[in-house]
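Data block below; observations after.
Values below: all heavy atoms of this structure, side chains included; hydrogens, waters and symmetry mates excluded.
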Amino acid sequence: MDRNAKVAVTLGDPAGVGPEVIVKALAALPSEERRDFVIVGNVEALERADRVCGTGLKFAPADAAGHDWIAVDEVALGAALPEIGKVSPVAGDASVRYITRAVDLALSGEADVIVTAPINKEAMNLAGHHHDGHTGLLAHLTGSKSSFMLLASERLNTIHVSTHISLKGAIERAKTERVLATIEAGHRHFLRLGKKARIAVAGLNPHCGENGLFGTEDMEFLAPAVEQAQAKGIDVVGPISADTVFARAYNGAFDLVIAQYHDQGHIPIKLVAFETAVNVSLGLPIDRVSVDHGTAFDIAGTGKANHVNMLSAIAYARLMARSPRRDAIELGGSV
């Protein structure tokens with residue numbers, strides 16, 4: 001990554017493990033690389049995590065940080081630092097404020113990419129922020145019509161047609177237009193990273209509906225999306241039965257699988273890459289990568305939280321920072 005590139009890391013829910021995995025991850029990096037980061041959150045919360053984890057880092061507001069200090073873009077809480085391990089509207093509101101500030105930094109060019117620590121959807125909604133999580137909130141903050149969730153790991157990548165909606169809603173959303181848009185978003189992302197992806201579309205129904213015996217959505221909506229994407233020069237096949245396509249992708253047949261709903265894509269990724277898979281938001285005017293785990297209130301404050309996933313998110317963010325955005329990439333283009 002360019003040494004001048006700036007990664008903005010949001011604190012996540014301050015009552016969860018976000019502050020702990022951040023300080024552990026930063027402590028694991030060479031000291032000179034820490035100057036590429038600004039933490040969007042609160043010095044007090046980071047110092048509390050530092051005491052728990054024993055990382056020995058020093059934090060200061062961005063305009064006052066010394067040579068060996070971690071820069072913090074301080075966001076006012078408006079209340080006392082929330083208790084660790086508890087769902088609270090104060091923590092939920094703080095997590096949204098962190099994200100909002102980070103988006104401002106990215107849109108203004110002060111940050112090249114955002115890395116987000118986990119938030120708690122219940123706490124966020126208790127605070128009056130009624131979004132489905134990071135994905136919906138980021139789309140709202142950037143004025144985007146929609147966004148797409150990509151789960152990325154070394155051997156398996158999935159992008160989702162729908163995420164945090166009911167299974168009934170997910171079935172209703174799996175229409176040709178949305179499936180095609182998801183294929184295109186994944187294709188463009190891989191082109192940006194220097195690869196023309198081999199894409200497979202997972203079926204919605206068992207055995208892709210078995211020619212209408214178990215449902216007609218696969219042949220009515222998914223197959224036409226695949227045909228339209230192929231006509232645009234995209235290397236995509238399907239629909240392929242979901243009970244085999246992820247294993248085929250993991251074994252090297254495909255670079256990306258289009259999952260029709262949340263659990264269809266999340267379960268295989270979390271089975272094979274629980275600690276290293278990261279969440280990437282596509283379709284936004286900014287770049288954002290996140291850890292793929294929750295706030296873990298049950299172990300928050302103990303120092304036991306594993307920071308490997310945060311390191312993976314940071315590494316992927318750096319990869320994106322090295323690959324300039326090309327929003328006008330031709331769909332059938334070469335790398």
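Using a distance-only test at 3.5 Å, with no hydrogens or angles considered, a donor-acceptor pair links the side chain of N309 to the main chain of E275. Judged by distance alone, with hydrogens and angles left aside, the side-chain atoms of K86 form no donor-acceptor pair with the main-chain N or O of A91 at under 3.5 Å. Formation of a donor-acceptor pair under 3.5 Å by the K270 side chain with backbone atoms of G265 is not found in this model. With hydrogens and angles disregarded, a donor-acceptor distance shorter than 3.5 Å links the side chain of R48 to the backbone of P14. A donor-acceptor pair under 3.5 Å is formed between the side chain of D50 and the backbone N or O of G56. A donor-acceptor contact shorter than 3.5 Å is absent between the side chain of H187 and the backbone of I183. Panel note: side chain R192, backbone M320; a donor-acceptor pair is recorded below 3.5 Å. Judged by distance alone, the side chain of Q260 and the main-chain N or O of A202 form a donor-acceptor pair under 3.5 Å. Looking at N42, its side chain does come within 3.5 Å of a backbone N or O of V75 through a donor-acceptor pair. A donor-acceptor pair is defined here as one N or O able to donate and one able to accept, closer than 3.5 Å; such a pair exists between the side chain of Q264 and the backbone of G203.
The shortest non-hydrogen separation linking I286 to I114 is CD1-CD1, 3.7 Å. Shown here for T135 and M149, the closest heavy-atom pair between the two residues is OG1-CE, 3.5 Å. Nearest heavy atoms, A313 versus V289: O-CG1, 3.6 Å. The shortest non-hydrogen separation linking S147 to A139 is OG-CB, 4.1 Å.
For E154, the CD atom is loosely surrounded, since the number of other residues' heavy atoms within 6.0 Å does not exceed 12. Around CD of E47, the count of heavy atoms belonging to other residues, nucleotides or ligands within 6.0 Å exceeds 12. In K58, the NZ atom is crowded: over 12 heavy atoms of neighbouring residues, nucleotides or ligands sit closer than 6.0 Å.
The pair D73-K6 fails the salt-bridge criterion, with no side-chain N (NZ, NE, NH1 or NH2) lying under 4.0 Å from an Asp/Glu carboxylate O.
No hydrogens or angles considered: a donor-acceptor pair under 3.5 Å links the side chains of R178 and S146.
Ring geometry for Y316 against H189 counts as parallel: the plane angle stays under 30°, on a 0 to 90° scale with 60° as the upper cut.
The CG atom of L11 sits 11.5 Å away from atom OG1 of T116, with the distance rounded to the nearest 0.5 Å.
Checking each of E227, Q230, R198 against V236 for a side chain to side chain contact (heavy atoms under 4.5 Å, CB included) leaves exactly one that passes, namely Q230.
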